[in-house]
Amino acid sequence: MIRAGIYLVFLFLTAWTHAQEKPNILLITVDDMNWNSVGAYGNTIDQITPNIDHLAKGGVRFENAYVTASNCSPSRVSIQTGLFPHQSGARGFYYIDDSQIPTIATNLKAAGYFTGVINKGADTDPSPDFKKYWDQRLGFAKGDKYDSKVYREQSTKFYKRVKGSNKPFYLVVNIADPHKPFYNDPTAVKRGFDQTAPSRIIDASEVEIPSFLPNLPAVRNDLRNYYNSVKRADDCVGAIMESLLASGNLDNTLVIFLSDHGMPFPFAKSSVYENGLRTPLIMSWPGQIESGTLAKDQIVSSIDIYPTFLDAAGLSMPTGNNYTGTSLLEIVDGSTTEERMAFGNFDENASGYPSPMRGVISEKWNYVFNAWGSGNQTFKSAAMYHASFKAMAKSKDPEIRQRVAMLKHRVVEELYDLENDPGCTKNLINQPQYSEVAEKLRQAMKNHMIATDDYLLEAFNVKNNMEKLDQFMEQQKQLSMERAQSINWKRPSNMAGSSKENTGLYLQKRP
């Protein structure tokens with residue numbers, strides 16, 4: 001009996017020691033926050049994001065970071081699977097069959113981690129089999145998802161569960177702000193979403209209009225409400241980090257912070273422009289990453305988060321799915337120095353309406369391919385239902401009217417000089433002096449499409465034939481409608497109507 005007791009103690013201590021060797025992992029996301037809305041990335045509004053800035057001072061700030069998709073669920077699933085949306089099939093707001101697609105959570109759970117997600121579980125998960133990913137899945141009631149105190153409470157609840165498990169943890173906390181409706185928006189007031197105010201109210205006079213938006217009163221007011229939501233999101237980051245500190249886990253936790261994509265305004269969210277794909281990306285790991293590090297020479301992507309977390313946990317990447325990401329730890333320590341470009345997707349909106357686009361971003365240039373840009377299709381996105389676009393659509397100003405027409409119809413190809421035009425307002429694709437640049441980026445995009453088995457390659461190969469592009473788009477509309485009518489959706493409705501009776505999964509053909 002004594003020997004058996006000693007053996008059990010030995011097993012417990014061995015398991016406990018093994019758990020301590022592996023770092024905890026915390027992923028914090030914000031919803032619809034532009035990269036340059038953060039103080040550490042140059043925002044000049046006083047004390048706009050002190051908590052995010054503090055996180056940056058304690059770790060590494062990636063100057064040139066991008067997400068793989070410019071709308072919510074495709075971007076978040078891409079983070080968790082390490083695959084571009086067209087690789088996994090998660091191109092829209094529906095669940096997929098991920099039986100052959102492991103996620104960060106399934107990998108870490110199999111390795112002995114206790115896993116959890118707080119808020120936006122549906123948009124984070126590839127399939128509706130939530131228990132496969134998470135040991136604990138926490139949400140909010142009504143306007144609580146904007147309250148920093150509730151984020152602290154939910155995080156604390158998770159850490160108490162972890163303490164009893166004697167396991168390292170993987171926790172994903174998804175902050176609701178600054179997604180629409182913004183603080184003080186009429187919709188927010190009506191629905192009770194503005195009951196929690198930011199810790200400091202931002203005045204309209206403090207707001208700078210970005211170059212891709214016109215200086216209209218409605219736009220300025222919309223931006224003021226947006227920045228108040230940014231401030232409130234930062235309050236939530238502070239509460240989450242306070243909970244981590246109080247739990248005693250801070251010193252052994254790798255933290256990554258990022259936004260799922262750009263701000264919910266025209267020419268940002270739901271685009272493959274710089275302000276649709278670029279994200280603030282900060283990584284902190286006490287004792288492992290030097291404080292105050294700036295990674296400015298390498299372009300990195302949210303596709304790199306999966307290999308980063310597995311690398312930190314001492315695990316190898318799965319095989320068989322043609323992963324293209326690189327561990328950010330290798331980039332920070334200089335192990336990886338290859339020149340990189342960022343590739344980004346937009347495939348369809350939350351209702352399922354397809355407008356497939358691809359973007360490639362280099363150090364200086366942003367090239368865009370719009371498969372629907374023949375002039376015979378019309379773009380639809382969430383930003384077009386809000387105050388800024390409505391004001392733009394009503395304007396009689398010729399330049400604004402031209403911008404509205406461009407947003408709604410685009411052209412097949414676009415090229416922008418990010419040094420001189422970061423707002424992507426002057427399309428240079430038809431100017432002869434930039435033909436070599438355009439061709440280089442076209443080839444990079446084609447190579448990426450081939451390497452990742454992108455369904456859009458079919459359209460890219462006929463980009464100069466408007467009739468064939470329109471035929472391709474008609475096929476995509478039909479396929480999108482079939483998905484909207486039959487598969488398990490993440491929203492209660494889509495372009496086909498109610499989705500509550502749908503139970504199937506989208507079966508993506510694997511390479």
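Sequential numbering from 1 along the given sequence is applied to the chain's residues. No experiment lies behind these values; they were computed from the predicted model shown.
Put simply, the side chain of Met473 does not reach to within 4.5 Å of the side chain of Gln478, judged on heavy atoms. Proximity of Ile303 to Ser78: side-chain heavy atoms (C-beta onward) are separated by under 4.5 Å at one or more points. Counting heavy atoms from C-beta on, the side chains of Ile175 and Ile240 come closer than 4.5 Å. With contacts defined as side-chain heavy-atom distances shorter than 4.5 Å, the pair Val255/Met283 does not qualify. Using a 4.5 Å heavy-atom cutoff, the side chains of Met449 and Tyr455 are not in contact. Contact annotation: the side chain of Asn64 approaches that of Arg278 to within less than 4.5 Å [non-hydrogen atoms, C-beta and beyond]. Between Leu456 and Met357 there is no side-chain heavy-atom pair separated by less than 4.5 Å. For the pair Thr452/Gln87, a side-chain contact is recorded, criterion being any heavy-atom separation below 4.5 Å from C-beta on.
Counting all heavy atoms, side chain and backbone alike, Arg340 lies closest to Ser301 at NH1-N, 4.4 Å. Scanning both residues, Ile256 and Phe309, for their nearest heavy atoms gives CD1-CE2, 3.6 Å. Shortest non-hydrogen contact noted between Pro102 and Asn107 is CB-ND2, 3.4 Å. For Leu277 against Gly344, the heavy-atom pair with the smallest separation is CD1-CA, 3.7 Å. Of all heavy-atom pairs between Ser75 and Ala69, the closest is CB-O, 3.4 Å. Shortest non-hydrogen contact noted between Asn119 and Ala176 is ND2-N, 3.9 Å.
For Ser127 and Tyr133, the side-chain atoms include at least one donor-acceptor pair closer than 3.5 Å. Inspection of the Glu274 and Tyr66 side chains reveals an N or O donor paired with an N or O acceptor under 3.5 Å. In this structure, a donor-acceptor pair under 3.5 Å is absent between the side chains of Asp304 and Thr308. Judged purely by distance below 3.5 Å, without hydrogens or angles, the side chains of Ser270 and Ser381 never pair a donor atom with an acceptor atom. Counting only N and O atoms by type, the side chains of Thr187 and Asp185 include no donor and acceptor under 3.5 Å apart. Counting only N and O atoms by type, the side chains of His386 and Asp222 include no donor and acceptor under 3.5 Å apart. With 3.5 Å as the limit, one finds no donor-acceptor pair spanning the side chains of Tyr94 and Ser73. Remark: the Tyr306 side chain and the Asp311 side chain contain no N/O donor-acceptor pair separated by less than 3.5 Å. A side-chain donor-acceptor contact under 3.5 Å links Asp470 and Gln377. Remark: the Asn174 side chain and the Thr29 side chain contain an N/O donor-acceptor pair separated by less than 3.5 Å.
The pair Asp125-Arg137 meets the salt-bridge criterion, since a charged nitrogen lies less than 4.0 angstrom from a carboxylate oxygen.
Between Asp31 and the choices Lys269, Lys180, Arg76, the salt bridge (charged side-chain N to carboxylate O under 4.0 Å, His left out) rule is met once, by Arg76. Remark: of the listed residues Tyr367, Trp365, Phe265, Tyr416, Tyr416 is the sole one forming a ring-ring contact (aromatic ring centres under 6.0 Å, His included) with Tyr273.
Separation of the Phe379 and Phe346 ring centroids falls under the 6.0 Å cut-off. Taking the centre of each ring, His448 and Phe343 come in below the 6.0 Å mark. Checked against a 6.0 Å centroid threshold, the rings of Tyr506 and Tyr95 do not count as neighbours. Under the 6.0 Å cut-off for aromatic ring centres, Phe169 and Phe114 do not qualify, their centroids lying 6.0 Å or more apart.
Note that OG of Ser243 is 5.0 Å distant from OH of Tyr159, once rounded to the nearest 0.5 Å. In this structure, Asp234 CG and Ser229 OG are separated by 12.5 Å, a value rounded to the nearest 0.5 Å. Atom CD of Gln136 sits about 6.5 Å away from atom CZ of Phe158, to the nearest 0.5 Å. Here Cys236 contributes atom SG and Ile118 contributes atom CD1; the two are 11.5 Å apart, rounded to the nearest 0.5 Å. The structure places OG1 of Thr115 at 11.5 Å from CD1 of Ile25, a figure rounded to the nearest 0.5 Å.
A cation-pi arrangement, defined by a distance under 6.0 Å to the six-membered ring centre and an angle within 45 degrees of its axis, is present between Lys145 and Phe193.
Distance alone, capped at 3.5 Å, places no donor-acceptor pair between the Ser395 side chain and the Met392 backbone.
Among residues two or more places apart in sequence or in another chain, the salt bridge (charged side-chain N to carboxylate O under 4.0 Å, His left out) test is passed with Asp135 by Lys109. Every residue two or more places apart in sequence or in another chain that forms a salt bridge (charged side-chain N to carboxylate O under 4.0 Å, His left out) with Asp147 is listed here: Lys149. Listed by chain and number, the residues in a salt bridge (charged side-chain N to carboxylate O under 4.0 Å, His left out) with Arg232 are Asp177 (sequence neighbours excluded).
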*asked:* Evaluate Asn34 against Asn275 for side chain to side chain donor-acceptor pair (under 3.5 Å), listing each step before the verdict.
replied: CA-CA 7 Å; Asn34 234 50; Asn275 287 286; 2.9 Å; yes
*Take Arg152 and Ser155 through the side chain to side chain donor-acceptor pair (under 3.5 Å) test and state the conclusion after the steps.*
CA-CA 5 Å; Arg152 184 186 296 108; Ser155 298; over 6 Å; no
*Please assess Asn488 against Asn502 for the test side chain to side chain donor-acceptor pair (under 3.5 Å), listing each intermediate value before the final yes or no.*
CA-CA 5 Å; Asn488 198 330; Asn502 298 351; over 6 Å; no
*Where do His261 and Asn71 land on the side chain to side chain donor-acceptor pair (under 3.5 Å) test, with the steps shown first?*
CA-CA 6 Å; His261 49 71; Asn71 53 345; over 6 Å; no
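Within a 6.0 Å radius of NZ in Lys132, other residues, nucleotides and ligands contribute more than 12 heavy atoms. The 12-atom threshold is exceeded at NZ of Lys477, counting heavy atoms of other residues, nucleotides or ligands nearer than 6.0 Å. Heavy-atom neighbours of Lys463 NZ from other residues, nucleotides or ligands within 6.0 Å: above the threshold of 12.
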